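Heads up: the structure comes next, in structure tokens.
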Amino acid sequence: MPATRRPPAVLHTVTIDLGARSYPIVIGTGLLGAAETWAGLPRAAMAAIVTNTTVAPLYLARLRAAVQPHYSHVLEVVLPDGEEHKDWPTLNRIFDALLQAGADRQTVLFALGGGVIGDMTGFAAACYMRGVPFVQVPTTLLAQVDSSVGGKTAINHPLGKNMIGAFYQPQRVVCDLDTLATLPAREFSAGLAEVIKYGPIADPALLDWVEAHVEGLMAREPACLAHAVRRSCEIKAAVVGQDERESGLRAILNFGHTFGHAIEAGLGYGRWLHGEAVGCGMVMALELSRRLGLVSDAYAARLRRLIAAVGLPVRAPVLGPDNAARYLELMRVDKKAEGGQIRFVVVDEAGHAWVRAVPDALVAEVIDACSGA
Ligand code: NAD
Ligand code: GLY
């Protein structure tokens, strides 16, 4: 059942400061279906809402009705659902629909869905006629706290996740917390992985807060959701504002992702959710940090307990008979790798994170220690 309709309420607005490309992240309730939410966007004759077969029956009609007053024509593009469809053929369906409908350079794309829809629609917006405006309307927790913010857009390649893409910022991000009511429990937990991530890399107080509010978060209490989304967006906006194109600092947002991407690619996209792989990847990155003497046994155990408490896996899958070698092979196809040397985000206990190269032998020890039943 779609979430109940209620009058719009903006609870927080977080600005992402990128000079002329700055934009607001609007967080609230009842936002999706309110015409005023969509006022003030670039003027255009046509809007195109890109979504998928799961989200369309829940929210497409509501968003369509709310954007309709601002455009003469609203095109709907409904894609198949799933990480396994974050690929060239599916991306091309967006271009097919835009061209067939006569979409021009002013056409505004709306990405209605989770991170898969957001990343693909953003990439389509970056490419179509060399760039059209787009708006992120994230409907998963993961997309509200992470993927819709910061302008990373991409599709997967069979040889590596998010390998084909562009930095391209949206005009606006609208996080309607009401949409989280229909999210399956497993997807909700996956989103919490990215919320937890901001603690060890940037904000020990957020880590304490998440630990103290696990029950409220898991019960999706509105106040807990609002705080988690706002604080996550503030931290991400601050990082992206300093390093939009990941020449340095922004890489810390990939804590746990090097291991996590290997899990996703190694098992086949879609078997583990992205957030599940990131949660388990953080357990592995913490074990690496522990073996490097950066965090104590107690800190690594604390994080592992928290990740498990929000319903995420903490043991990594075995990727074949030569497990560590397979992980290492997959991790070499990582955007942080330099000259074939894999680089990892590591943390200390004070909320600092940085990227460093680590000898393969040590990484293999971590993989052996963290994977299997
Ligand atoms: P997703 O987009 O696959 O959505 C998860 C599932 O929930 C899908 O089945 C979707 O249809 C469904 N869904 C979405 N909203 C719903 C709702 N309100 N109610 C019910 N069902 C709903 O996955 P995700 O976790 O949102 O995003 C993961 C993707 O995001 C990955 O591809 C990852 O690489 C990408 N990502 C990108 C960035 C970035 O900075 N661009 C950051 C993190 C992750
Ligand atoms: N999710 C990582 C980033 O946006 O940089």
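Note that the structure is a prediction, hence the values are computed from the model and not measured. Every number for a ligand or one of its atoms is a count from 1 in the order of the listing. Below, each value reflects all heavy atoms present in this structure, side chains not excepted, and no hydrogens, waters or symmetry copies.
The closest protein non-hydrogen atom to atom 1 (P) of ligand 1 is Val116 CG2, 3.9 Å. Of all protein heavy atoms, the one lying nearest to atom 28 (C) of ligand 1 is Leu142 CD2, 3.8 Å. Ranking the protein heavy atoms by distance from atom 26 (O) of ligand 1 puts Thr140 OG1, 2.6 Å first. Among all protein heavy atoms, the one lying closest to atom 9 (O) of ligand 1 is Asp81 OD2, 2.7 Å. Among protein heavy atoms, the minimum distance from atom 35 (C) of ligand 1 is reached at Asp119 OD2, 3.4 Å. For atom 4 (O) of ligand 2, the nearest non-hydrogen atom of the protein is Lys236 NZ, 2.6 Å. Shortest contact from atom 38 (C) of ligand 1 to any protein heavy atom: Ser147 CB, 3.2 Å. With hydrogens left out, the protein atom closest to atom 15 (N) of ligand 1 is Thr139 OG1, 2.7 Å, a heavy atom. Remark: minimum distance from atom 23 (O) of ligand 1 to any protein heavy atom is reached at Gly115 N, 4.1 Å.
The backbone N or O of Lys161 lies less than 3.5 Å from a partner atom in the side chain of Tyr269, making a donor-acceptor pair. No donor-acceptor distance shorter than 3.5 angstrom exists from the side chain of Arg250 to the backbone of Arg245, with no hydrogens or angles considered. A donor-acceptor pair under 3.5 Å is formed between the side chain of Lys236 and the backbone N or O of Val149. The backbone N or O of Trp88 lies less than 3.5 Å from no partner atom in the side chain of Arg93, so there is not a single donor-acceptor pair. Proximity of a side-chain donor or acceptor of Asp178 to a complementary backbone N or O of Thr29 within less than 3.5 Å is not detected. The backbone N or O of Met129 sits less than 3.5 Å from a side-chain atom of Arg105, completing a donor-acceptor pair. Thr153 places a side-chain N or O within donor-acceptor distance of the main-chain N or O of Ala166, the cut-off being under 3.5 Å.
By the 4.0 Å heavy-atom criterion, Lys197 is excluded from the residues contacting ligand 1. Heavy-atom separations between His257 and ligand 2 are all 4.0 Å or longer.
Proximity of Lys152 to Asn162: side-chain heavy atoms (C-beta onward) are nowhere separated by under 4.5 Å. With contacts defined as side-chain heavy-atom distances shorter than 4.5 Å, the pair Leu11/Val229 does not qualify.
Within the listing of ligand 1, atoms 17 (C), 18 (N) sit less than 4.0 angstrom from a heavy atom of Thr179. Taking a cut-off of under 4.0 Å to the non-hydrogen atoms of Asn52, the atoms of ligand 1 that pass are 10 (C), 11 (O). Annotation for ligand 1: atoms under 4.0 Å from non-hydrogen atoms of Gly114 are 2 (O), 26 (O). Those atoms of ligand 1 with a heavy atom of Asp146 less than 4.0 angstrom away are 42 (C), 43 (C). Residue Lys86 has at least one heavy-atom neighbour below 4.0 Å for each of these atoms of ligand 1: 31 (C), 32 (O), 33 (C), 34 (O), 35 (C). Remark: ligand 1 atoms within the under-4.0 Å shell around heavy atoms of Lys161 are 31 (C), 32 (O), 33 (C), 34 (O). Proximity to Tyr59 (heavy-atom distance under 4.0 Å) selects the following atoms of ligand 1: 18 (N). Close approach of ligand 1 to Lys236 (heavy-atom distance below 4.0 Å) involves ligand atoms 40 (O).
Annotation: Phe255 is not in aromatic contact with Phe344 [ring centroid separation under 6.0 Å not met]. Close placement of the His274 and His257 rings is indicated, their centers lying within 6.0 Å of each other.
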Handout entry: Full working for salt bridge (charged side-chain N to carboxylate O under 4.0 Å, His left out) between Arg302 and Glu211
Key = CA-CA 9 Å; Arg302 175 188 172 196; Glu211 271 179 324; 2.6 Å; yes

Exercise for the section: Take Arg332 and Asp360, measure what salt bridge (charged side-chain N to carboxylate O under 4.0 Å, His left out) needs, and give me the verdict at the end. Expected result: CA-CA 11 Å; Arg332 272 185 238 290; Asp360 282 2; 3.1 Å; yes

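Of all the heavy atoms of Val55, the ones lying under 4.0 Å from any atom of ligand 1 belong exclusively to the side chain. Of all the heavy atoms of Glu187, the ones lying under 4.0 Å from any atom of ligand 1 belong exclusively to the side chain. With a 4.0 Å heavy-atom cut-off, ligand 1 is reached by the side chain of Leu58 but not by its N, CA, C or O. Neither the backbone nor the side chain of Glu84 comes within contact range of ligand 1; no heavy atom lies under 4.0 Å. The backbone and the side chain of Thr182 each have at least one atom closer than 4.0 Å to an atom of ligand 1 (non-hydrogen atoms only). Within the 4.0 Å heavy-atom criterion, the part of Asn162 lying near ligand 1 is the side chain and not the backbone.
Under 4.0 Å is where a charged nitrogen must lie from a carboxylate oxygen, and between Arg271 and Glu264 no such pair does. Looking at Glu287 and Arg304, no side-chain N of the basic residue comes within less than 4.0 Å of a carboxylate O on the acidic one, giving no salt bridge.
Atom 12 (C) of ligand 1 has its nearest heavy-atom neighbour, among Leu180, Leu79, Ile117, Thr54, in Thr54. If you check each of His274, Gln136, Glu83 against atom 32 (O) of ligand 1, the one with the closest non-hydrogen atom is Glu83.
Distances between N or O atoms of Lys152 and those of ligand 2 include at least one value under 3.5 Å. At a 3.5 angstrom cut-off on N or O pairs, Glu194 does not count as close to ligand 1. For ligand 2, one of its N or O atoms has an N or O atom of Asp146 under 3.5 Å away.
Judged by the 6.0 Å and 45° rule, Arg220 forms a cation-pi pair with Phe188.
Between Phe110 and Trp38, the ring-plane angle classifies as perpendicular under the 30° and 60° cut-offs.
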